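In the text below, chain A, chain B and the rest are named by the order of the sequence lines, each starting its count at 1. Predicted model only: the values in this text are computed from it and were never measured.
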Amino acid sequence: MSEERSLNFIEEIIENDLKVGKYETLVTRFPPEPNGYLHIGHAKAICLNFGLTKKYGGYTNLRFDDTNPVTEKTEYVDSQQQDIKWLGFEWKNELYTSDYFDTLYDFAVTLIEKGLAYVDHGTADEIAALKGTPTEPGSASPYRSRSITENLELFSKMKAGDFEDGVCILRAKIDMTSPNMLMRDPIIYRIKHAEHHRTGNKWCIYPMYDFAHGQSDSIEEITHSICTLEYVSHRELYDWFIEKLEIFPSKQYEFARLNLTYTVMSKRKLLQLVNDGIVSGWNDPRMPTISGLRRRGYTPESIREFCERIGIAKRENLIELSLLEFCVREHLNKTSNRVMAVLDPIKLIITNYPEGKEETLIGENNPEAEDKGGTREIPFSSELWIEREDFMEEPAKKWFRLAPGAMVRLKNAYIVKCDDFRKDADGNVTEIYCTYIPESKSGEDTSEIHVKGTIHWVSTAHAKTAEVRIYDRLFSVESPDSEDGDFKDYLNKDSVKVIKQAYIEPFLANADLDSRYQFIRKGYYCLDTDSTPEQLVFNQTVGLKDAWAKAKK
RNA sequence: UGCCCGAUAGUAUAAAGGUAGUACAACGGUUUUUGGUACCGUUUGUCUAGGUUCGAAUCCUGGUCGGGCAACCA
């Protein structure tokens, strides 16, 4: 059944490592910094790391990379955990880089003792100046030659809180002339008198990313430490620390991060959208965050499928949003029940249907499901709401819907013929008059009449109302990041359209937050968390493909 | 004017020296009580110049283009 997917370069490395017996057990980790909400780009990394150990055995740790107390919060830890679980993955161990602060401190002492680290009292500017540039080598700091004893003492004082922020830092002693800027005596510990979300005020010195990440991987015996391309140049340092400290040799591999058209992906920019009130929050349905996609109605299955399809490689990429939309349509088409809702209503009156008469019709819930998803009852009467766009006073060519003299099928009901219509003073059509064909009832049609168009409807007497929110891309250009000027100059002004009063069939009154629906001929919808029993609110996840709309252009 | 990474249809991603394939997108058709779905078909590609080889997307050299690197961020 399962078709073969070719291996990506990381799978090739792993298969080879396993084959030659380099590792017994594959161990990966997902290491977010708890300073924001996870987005679809993180989903790619999550699916990769957890997917690898699911495929090859072994396990994946969740490690919060919390080495910067001023940006990190427990709120983010909680949301990130929720998002990973929702995506359908289970971590082996829940860990925090801050769990290793004692060990990391000892590692720093070891380095000092080996003469490979020193305390520098230069200011940030002085240190930057001596660092050189990418094209010019750096030069030694005046503090570079301090004795081991002095360094040990000063570092201990740093830990003890004897210095204010910024007075001094601990640096690795490597090579100020290295072509790799990161090897020019990188800072490994800085002083920050700040409260940490887990360790409180125990520490006033915190390790830098480069002095924490590889060692944490090593402590956990991570075999394959997978990260994004911007860390390529960090690998040399990563290996250097592991070698000098003589600890478990985790290996770092890098892949290209995800970029998606019509959105931005950096936490910084997403935070700006939230703070500027451009979106309602991290989980605004237009956001590319996991929580936004979830609220929008995306399913974990569809996001996992998307991550599978985009592949893993090392070249920069910009994935078309249409692929994500395809994945969610594909899943929702198979799993969601069909219902009828009229978003832009106009009244249709069946003149030969007895006034006051009602019928209960049966509709199948999902033609794609094996059991058709069961059936539901749909009330029918002489007065219906239909979609305004399903009537044309002067039909275009190839028009299959209602027009004077034209016939269509009402989904799950009868064929009707349009006899007349009314307009108001402004020329807007207000009512459409039809006659129905009694012997054309769905399921027992003996009329021999075949019509090309089928439209959805809701009985006016039985309709419930709901608010419907329809979303469009957040930005009007494919790559807001690469345009001139500020990315916010390219916002799509019409990224949300709110329909205050749509008519929905009574069945939908019992909609729950876990269900997704296909509004027939319209799209996929789910209940929004803003919903109340008095006021239902639906979000459009994605519209259906619309060949007619395309043909009109 | 340094170092590092990369370059295959519109977008992604395969082909480990031997038929350039797949998906999405686009376009056309068949089926259809959703102008949906399903199915069928069409268009479009190896950055460039050399070299190695019987044979190069793949190996080598030069060039071009794109990205990263000079936070007490991760």
Side-chain angles (χ1 to χ4, degrees), chain A residues 3 5-8 12 31-33 35 65-68 70-72 97 120 123-124 127-129 131-138 165-171 178-184 187-192 205-206 208-210 212-213 227 229-236 254 256 261 267-268 309-327 329-330 333-334 338 340 363-364 367-368 398-401 408-413 415 440 442-443 445 450-456 478 518-523 543-551:
Chain A
E3 61 202 68
R5 261 167 175 148
S6 48
L7 302 182
N8 62 51
E12 282 182 11
E33 181 187 13
N35 69 344
D65 211 350
D66 54 352
T67 58
N68 186 356
V70 302
T71 57
E72 295 149 9
T97 303
D120 194 322
T123 64
I127 289 172
K131 201 138 203 187
T133 69
T135 54
E136 300 161 283
D165 288 9
V167 169
C168 56
I169 43 105
L170 184 71
R171 305 177 74 173
S178 171
N180 182 351
M181 297 289 292
L182 286 161
M183 299 300 280
R184 322 239 267 227
I187 295 170
I188 59 181
Y189 261 96
R190 79 288 214 186
I191 301 169
K192 264 185 205 275
I205 56 171
Y206 293 93
M208 299 289 288
Y209 166 86
D210 284 305
H213 205 99
C227 61
L229 249 26
E230 64 267 31
Y231 292 99
V232 168
S233 54
H234 292 251
R235 190 174 59 230
E236 191 179 357
E254 312 87 9
T261 55
K267 274 191 212 160
R268 198 193 99 238
R309 282 172 180 261
I310 57 179
I312 300 294
K314 297 187 80 154
R315 63 188 91 105
E316 301 290 329
N317 60 81
L318 179 62
I319 309 282
E320 290 176 349
L321 185 62
S322 58
L323 181 61
L324 218 209
E325 293 179 336
F326 167 82
C327 292
R329 280 197 198 102
E330 183 186 47
N333 175 51
K334 290 192 193 108
R338 273 60 172 169
M340 294 198 283
E364 71 186 18
E368 300 296 319
K398 292 265 199 86
W399 178 255
F400 300 158
R401 285 119 91 154
V408 295
R409 167 161 309 268
L410 298 169
K411 178 75 182 173
N412 295 125
I415 292 174
S440 66
S442 280
D445 186 349
H450 296 283
V451 293
K452 278 195 158 161
T454 299
I455 65 172
H456 59 280
E478 280 204 332
Q518 185 195 97
F519 289 5
I520 290 180
R521 298 210 304 136
K522 287 279 137 192
L544 254 26
K545 275 200 196 165
D546 191 345
W548 171 249
K550 213 178 267 179

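For the pair A/N317 CG and B/G10 P, the computed distance is 17 Å after rounding to whole Å.
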Quiz prompt | Footprint string (nucleotides 23-29 of chain B, 5' to 3'): B base within contact, S backbone only, - free, heavy atoms under 4.0 Å | solution = SSSSS--

Practice problem: Treat primed atoms plus P, OP1 and OP2 as sugar-phosphate and everything else as base, then score nucleotides 65-74 of chain B 5' to 3': B for base contact with protein heavy atoms under 4.0 Å, S for sugar-phosphate contact only, - for none. | Solution: --S-SB-BSB

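Checked against ring pair (Phe, Tyr, Trp, His ring centres under 6.0 Å), A/F400 has no partners two or more places apart in sequence or in another chain. Scanning for salt bridge (Lys or Arg N to Asp or Glu O under 4.0 Å) contacts around A/R171 gives A/D120, with sequence neighbours left out. Residues passing the salt bridge (Lys or Arg N to Asp or Glu O under 4.0 Å) test with A/R235, sequence neighbours excluded: A/E254. A/T133 meets the side chain to side chain contact (heavy atoms under 4.5 Å, CB included) test with A/T135, A/E136; sequence neighbours excluded. For A/D445, the side chain to side chain contact (heavy atoms under 4.5 Å, CB included) partners two or more places apart in sequence, or in a different chain, are A/R409, A/I415, A/S440, A/S447. In this view, A/R521 and A/D390 satisfy the salt bridge (Lys or Arg N to Asp or Glu O under 4.0 Å) rule, not counting sequence neighbours. By the ring pair (Phe, Tyr, Trp, His ring centres under 6.0 Å) test, A/F326 is found to be paired with no residue, residues two or more places apart in sequence or in another chain being considered. Residues forming a side chain to side chain contact (heavy atoms under 4.5 Å, CB included) with A/A256 (at least two apart in sequence, or on another chain): A/L229, A/N317. Residues passing the ring pair (Phe, Tyr, Trp, His ring centres under 6.0 Å) test with A/H456, sequence neighbours excluded: none.
Checking the phosphate oxygens (OP1, OP2) of B/U33, no side-chain nitrogen or oxygen of A/R338 falls inside 4.0 Å.
Interface remark: the A/S442 side chain does form a donor-acceptor pair with the B/U33 base, using a distance-only criterion of under 3.5 Å.
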Quiz item: If pairs are Watson-Crick or G-U with both distances under 3.5 Å, what is the dot-bracket string of RNA chain B, marking crossing pairs with [ ] and pairs to another strand with |?
Solution: .((((((..((((....[..)))).(((((.......)))))....(((((..]....))))))))))).....

